[in-house]
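Before any comments, here is the structure.
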Amino acid sequence: QVQLVESGGGLVQAGGSLRLSCAASGRSFSSYFVSWFRQVPGKEREFVSAVSRIGGAIIHADSAKGRFTISRDNAKNAVYLQTNSPKPAGTAVYYCAGGHGNMSTRSPDEYNYWGQGTKVTVSS
């Protein structure tokens, strides 16, 4: 059983910075890749970034390039998402998710594990 718990959300001013954390427990952490998604009410969950099992490969959505940094620390069973100069459009609930399949997938349905989400509100 894998549990993912996000933290670090809250209110941030546009142009500031925020680091989200995803803490994992259960099954061997290095056995799955981890991605971040975000979702606003009324819209589908949107892929943001993914990091491979040992952190050697990273994928960003086009909208995330240059604005988000993803990293993982397998010694701490954690994945991080740093937001740089967030904009109000970045207000959403952010989720981390773990998968065993193709890391390049953007479909939430392909993921095996999900956290409960952490809300980020970017004020202008």
Between I59 and S49, is a side-chain contact (heavy atoms from CB on, under 4.5 Å) present by the stated rule, with each step listed? CA-CA 5 Å; I59 298 173; S49 302; over 6 Å; no
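- Y113 pairs in a side-chain contact (heavy atoms from CB on, under 4.5 Å) with only one of the listed residues (H100, Q3, Q1), which is H100.
- Between Y94 and F37, the gap from one ring centroid to the other reaches at least 6.0 Å.
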Does L81 form a side-chain contact (heavy atoms from CB on, under 4.5 Å) with T69? I'd like the steps, not just the answer. CA-CA 6 Å; L81 185 71; T69 302; over 6 Å; no
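- With rounding to the nearest 0.5 angstrom, the CZ atom of R67 is 12.0 Å from the NE2 atom of H60.
- Put simply, CZ on F33 and CD1 on I54 are 14.5 Å apart, with the number rounded to the nearest 0.5 Å.
- Across all their heavy atoms, T105 and E110 have their closest contact at OG1-CG, 3.2 Å.
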Step by step, work out the side-chain contact (heavy atoms from CB on, under 4.5 Å) result for Q82 and N84. CA-CA 6 Å; Q82 177 83 28; N84 306 312; 3.4 Å; yes
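- Rounding to the nearest 0.5 angstrom, the gap separating the SG atom in C22 from the CZ atom in R72 is 9.0 Å.
- Closest of all the heavy-atom pairs between S124 and A14 is CA-CB, 4.4 Å.
- The closest donor-acceptor contact from the side chain of T83 to the backbone of L18 lies under 3.5 Å.
- Residues M103 and L4 are members of separate hydrophobic clusters, defined by side-chain heavy-atom contacts under 4.5 angstrom among Ile, Leu, Val, Met, Phe, Trp and Tyr.
- Here F47 and W36 keep their ring centres 6.0 angstrom or further from each other.
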Dump the intermediate steps for side-chain contact (heavy atoms from CB on, under 4.5 Å) on T91 and V40, then the final yes or no. CA-CA 7 Å; T91 294; V40 298; 5.8 Å; no
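- Looking at residues two or more places apart in sequence or on another chain, you find a side-chain contact (heavy atoms from CB on, under 4.5 Å) between V93 and Y95, K119.
- A cation-pi arrangement is absent between R45 and Y111, since the terminal nitrogen or guanidinium carbon is not both under 6.0 Å from the aromatic centre and inside a 45° cone about the axis.
- Between the side chain of E6 and the backbone N or O of C96, at least one donor-acceptor pair lies under 3.5 Å.
- In terms of hydrophobic clustering, with Ile, Leu, Val, Met, Phe, Trp and Tyr side chains grouped at heavy-atom distances under 4.5 Å, L20 and Y80 are assigned to different clusters.
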